[in-house]
Amino acid sequence: QVQLVESGGGLVQAGGSLRLSCAASGRTFSSYAMGWFRQTPGKEREFVAAISWSGGIIYYADSVKGRFTISRDNPKSAVYLQMNSLKPEDTAVYYCAARSGVGVPANRREYDYWGQGTQVTVSS
């Protein structure tokens, strides 16, 4: 079992930066692939970024590539999402997710545990 708690969301102007954090409980955090997803009202939850247990494999959605950076600190049981050059279309609730199986998928259905989400609002 893994429990996830996101933090770091807020209101920022376009072009600004935010760093999201996800704190995980559980002794096997280092064995989980981790992902960040986001969701706006009326839309499906979409993939943002994912990282393998070792940090050696990383994927990004095309919409955030070059602007967002995912990283993890296994001793601290934490994963981060550094978001730069934010745009109004990045406004969403951002969720952290953990996957216990093999692989680093972009499909939200392949993740086993989810946090409660943190709101990111980018003003124009």
Side-chain angles (χ1 to χ4, degrees):
Q1 288 279 345
V2 176
Q3 293 184 328
L4 305 172
V5 179
E6 302 95 336
S7 62
L11 174 64
V12 63
Q13 289 188 332
S17 298
L18 282 175
R19 188 191 194 210
L20 304 185
S21 298
C22 175
S25 64
R27 291 177 291 178
T28 58
F29 172 78
S30 60
S31 67
Y32 288 85
M34 301 296 296
W36 284 98
F37 292 77
R38 65 188 182 187
Q39 189 170 21
T40 54
K43 293 188 176 181
E44 291 191 350
R45 195 168 296 185
E46 67 172 5
F47 170 74
V48 175
I51 187 168
S52 63
W53 68 271
S54 67
I57 299 173
I58 291 175
Y59 296 121
Y60 296 101
D62 288 343
S63 59
V64 307
K65 204 171 292 183
R67 301 187 298 122
F68 290 11
T69 302
I70 188 172
S71 62
R72 66 188 296 161
D73 187 334
N74 286 341
K76 294 184 178 180
S77 296
V79 63
Y80 308 100
L81 186 68
Q82 177 67 44
M83 305 186 296
N84 299 328
S85 303
L86 283 161
K87 305 175 182 180
E89 51 264 43
D90 294 317
T91 295
V93 177
Y94 283 71
Y95 296 89
C96 172
R99 168 180 166 80
S100 59
V102 175
V104 189
N107 187 335
R108 68 184 189 278
R109 295 178 178 86
E110 297 192 51
Y111 285 80
D112 304 296
Y113 305 101
W114 292 86
Q116 83 290 348
T118 185
Q119 176 70 47
V120 171
T121 303
V122 184
S123 63
S124 57

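- Of the inter-residue distances, the one linking Tyr32 atom OH with Leu4 atom CG reads 9.5 Å to the nearest 0.5 angstrom.
- Annotation: the span from Gln1 atom CD to Thr28 atom OG1 amounts to 9.5 Å, rounded to 0.5 Å.
- With sequence neighbours left out, the salt bridge (Lys or Arg N to Asp or Glu O under 4.0 Å) criterion links Glu89 to no other residue.
- The two residues Tyr60 and Thr69 come nearest to each other via the heavy atoms OH-CA, 3.3 Å.
- Glu6 places no side-chain N or O within donor-acceptor distance of the main-chain N or O of Cys22, the cut-off being under 3.5 Å.
- Atoms OG and NZ, from Ser124 and Lys87 in turn, are 14.0 Å apart once rounded to the nearest 0.5 Å.
- The shortest distance between side-chain heavy atoms of Arg45 and Trp114 falls below 4.5 Å.
- Tyr111 and Val64 fall into different hydrophobic clusters, defined by Ile, Leu, Val, Met, Phe, Trp and Tyr side-chain heavy atoms under 4.5 Å apart, directly or through other members.
- Nearest heavy-atom pair across Ile51 and Ile58 is CG1-CG1, 3.7 Å.
- The nearest pair of heavy atoms linking Asp73 to Tyr80 is CB-CE1, 4.0 Å.
- Inter-residue side-chain proximity for Ile70 and Val79 is flagged as met; some heavy-atom pair is nearer than 4.5 Å.
- Residues Ser63 and Arg38 have side chains in contact (heavy-atom distance under 4.5 Å, counting atoms from C-beta outward).
- Shown here is Gln3, whose CD atom has no more than 12 heavy atoms of other residues, nucleotides or ligands within 6.0 Å.
- Considering every non-hydrogen atom in both Arg99 and Pro105, the closest pair reads CD-CD, 3.2 Å.
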Review item, side-chain donor-acceptor pairs of residues 9-19, under 3.5 Å, at least two apart:
unit_1: Ser17; atom_1: OG; unit_2: Asn84; atom_2: OD1; d: 2.9

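- Annotation for Gly117 and Val93: closest pair CA-CG1, 3.8 Å, computed over non-hydrogen atoms.
- The structure places CZ of Phe68 at 9.5 Å from CD of Gln82, a figure rounded to the nearest 0.5 Å.
- Separating the OG atom in Ser30 from the CG atom in Asn74 is a distance of 5.0 Å, to the nearest 0.5 Å.
- Taking every heavy atom of both residues into account, Asp90 and Tyr94 meet most closely at O-OH, 2.6 Å.
- Taken from CE in Met34 to CG in Leu81, the straight-line distance is 11.5 Å, to the nearest 0.5 Å.
- Under a hydrophobic-cluster definition in which Ile, Leu, Val, Met, Phe, Trp and Tyr are linked whenever side-chain heavy atoms come within less than 4.5 Å, directly or via other members, Val104 and Tyr95 are assigned to the same cluster.
- Pairs engaging residues 39-59 under the ring-ring contact (aromatic ring centres under 6.0 Å, His included) rule: Phe37-Phe47 [sequence neighbours left out].
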